[in-house]
Amino acid sequence: MQLKIWSAETGQCAATLIGHTAGILQTAIVGRGKNIVSCSRDGSAKLWDCGTQKCIHTFTPECGVLNTCHVGIPDNGISLGTPDGCHTPEPGESFTEGKMLLLGCENYDFVGYGLCSRSNVFKCTCPSAVNCCTMISANCAVCGTQDGHLVVWDLRNMMTPLKQWKESRGAILSIMPHKQGFYSSAGDGSCFYVNEEHTVDWELTGPDCEPVYQIANDKVSIYTGCRDGNIRRYPIRT
């Protein structure tokens, strides 16, 4: 399986990353983009050097299919697996120090690694397959599941979730941090904002019962990608 990186300026393929043995489901950019992480149906997540097109490290949490990945910067007090949070970086590895890799798994597991240390720092179980995950602050992460649950975690104490609830909207398909809350989209076409108190504040309209697969923003507008073939733009509410 191949992962291709394209130049937005020239439209040319700048790199081809080869190593996964099954479909690649998501990627996450590390730092300025010299390194990326990909996760796959083959059960692995790979850290890549885009310049040399080589795999630096393979994470294998033994959780079956890895549906989603996210790289974030946790609070300095959160353990990343070793006393200094890092090993000696490999050639071509940059800006992995102090970062956490989150993985959402088909077998219901939610897994965290120190990206630089390569150490597993937690493994928790969610109500269903984890479709998406992200950090919403230096101390909190949230994941969305196939059966419609949203689960908010305190990264300082992963024994039990801060809050867990089910939205009657179908599968949770994407999550995007905003302020101390997050936007989320679901399989029934709904897009909604959850505030810092973990309650739904407002909803975006447009899709008519078609799944919204992804939410993104450019700091001015929010964009949604829907199964109906439309990309919709909304102003960001302050």
Side-chain angles (χ1 to χ4, degrees), residues 1-3 5 15-126 129-143 151 153-159 177:
M1 293 294 172
Q2 298 181 349
L3 175 65
I5 300 172
T16 300
L17 311 178
I18 300 174
H20 285 295
T21 59
I24 298 163
L25 298 179
Q26 195 167 41
T27 60
I29 297 173
V30 181
R32 298 176 182 175
K34 182 176 181 180
N35 301 133
I36 65 168
V37 175
S38 59
C39 64
S40 169
R41 292 184 182 277
D42 65 12
S44 73
K46 292 182 180 291
L47 174 66
W48 300 91
D49 177 3
C50 298
T52 63
Q53 305 178 56
K54 302 291 186 182
C55 178
I56 296 172
H57 183 76
T58 299
F59 298 88
T60 53
E62 298 183 356
C63 298
V65 172
L66 301 185
N67 293 325
T68 184
C69 60
H70 172 79
V71 174
I73 304 175
D75 185 85
N76 289 334
I78 294 173
S79 172
L80 292 176
T82 63
D84 61 359
C86 195
H87 73 302
T88 301
E90 301 287 342
E93 180 179 350
S94 59
F95 297 103
T96 59
E97 299 92 339
K99 291 185 173 64
M100 181 179 285
L101 171 63
L102 304 179
L103 299 171
C105 311
E106 185 69 19
N107 77 338
Y108 303 9
D109 282 344
F110 179 46
V111 184
Y113 284 90
L115 184 59
C116 188
S117 70
R118 322 290 201 239
S119 298
N120 177 228
V121 293
F122 68 80
K123 180 184 283 190
C124 305
T125 301
C126 292
V130 181
N131 289 334
C132 48
C133 62
T134 190
M135 290 177 61
I136 55 175
S137 73
N139 293 319
C140 287
V142 62
C143 51
V151 188
W153 300 91
D154 186 338
L155 295 171
R156 298 164 295 185
N157 179 9
M158 297 294 292
M159 297 296 293

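Worth saying up front: this structure is predicted, and the values here are computed from it rather than measured.
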Flag the pair L103 / C63 as yes when at least one side-chain heavy-atom distance between them is below 4.5 Å, and no otherwise. no
Give, for atom CD1 of I18 and atom CH2 of W48, the distance between the pair rounded to the nearest 0.5 Å. 8.0 Å
So, N67 side chain and G104 main chain: donor-acceptor pair closer than 3.5 Å or not? no
Check whether any side-chain heavy atom of R118 sits under 4.5 Å from a side-chain heavy atom of F59, and report yes or no. yes
Less than 4.5 Å apart, any side-chain heavy atom of R156 and any of D75? no
Write down the atom of L155, the atom of A141, and the distance for their closest heavy-atom approach. CD2-CB, 4.0 Å
Measuring from atom CG of L47 to atom SG of C69, what distance do you get when rounded to the nearest 0.5 angstrom? 11.0 Å
Mind checking whether I5 and C50 have side chains closer than 4.5 Å, heavy atoms only? yes
Return the minimal non-hydrogen interatomic distance between K99 and G31, and the atom names on each side. CE-N, 4.1 Å
Give a yes or no on whether the backbone of D42 and the side-chain of T21 come within a donor-acceptor separation of less than 3.5 Å. no
If I take atom OG1 from residue T27 and atom CD1 from residue I36, how far apart are they, to the nearest 0.5 angstrom? 5.5 Å
How close do L66 and P61 get, heavy atom to heavy atom, and via which atoms? CD2-CG, 3.8 Å
Rounded to the nearest 0.5 angstrom, the NE2-CE distance for H70 and M100 is 10.0 Å
Of C132, C105, C124, C126, which meets side-chain contact (heavy atoms from CB on, under 4.5 Å) against C143? C126
Any sub-3.5 Å donor-acceptor pair from N35's side-chain atoms to E93's backbone N or O? no
Contact between L25 and V65 at the side-chain level, heavy atoms closer than 4.5 Å - yes or no? yes
So which heavy atom on S94 is nearest to which on K34, and how close? OG-CD, 3.5 Å
Run through T134, L102, V37 and flag the one making a side-chain contact (heavy atoms from CB on, under 4.5 Å) with V71. V37
Could you verify whether a donor N or O on one side chain and an acceptor N or O on the other, from N139 and S137, lie under 3.5 Å apart? no
Reported CZ-to-CE distance for the pair F122 and M159, which is rounded to 0.5 angstrom: 13.5 Å
Residues, nucleotides or ligands: over 12 heavy atoms within 6.0 Å of I29 CD1: no
Taking the side chain as every heavy atom from C-beta outward, state whether K46 and S40 have any pair of such atoms under 4.5 Å apart. no
Could you tell me whether a side-chain N or O of Q53 sits under 3.5 Å from a main-chain N or O of T16, the two making a donor and an acceptor? yes
Short side-chain to backbone donor-acceptor contact, Q26 and C39, under 3.5 Å: no
For N76, does the CG atom sit with more than 12 other heavy atoms under 6.0 Å from it, leaving out its own atoms? no
Can you tell me how far the CD atom of E62 sits from the CG atom of N120, to the nearest 0.5 Å? 10.5 Å
Between L80 and V121, what is the shortest heavy-atom contact and its length? C-CG1, 3.5 Å
Minimum heavy-atom separation for D49 and G92, please, with both atom names. OD2-CA, 3.4 Å
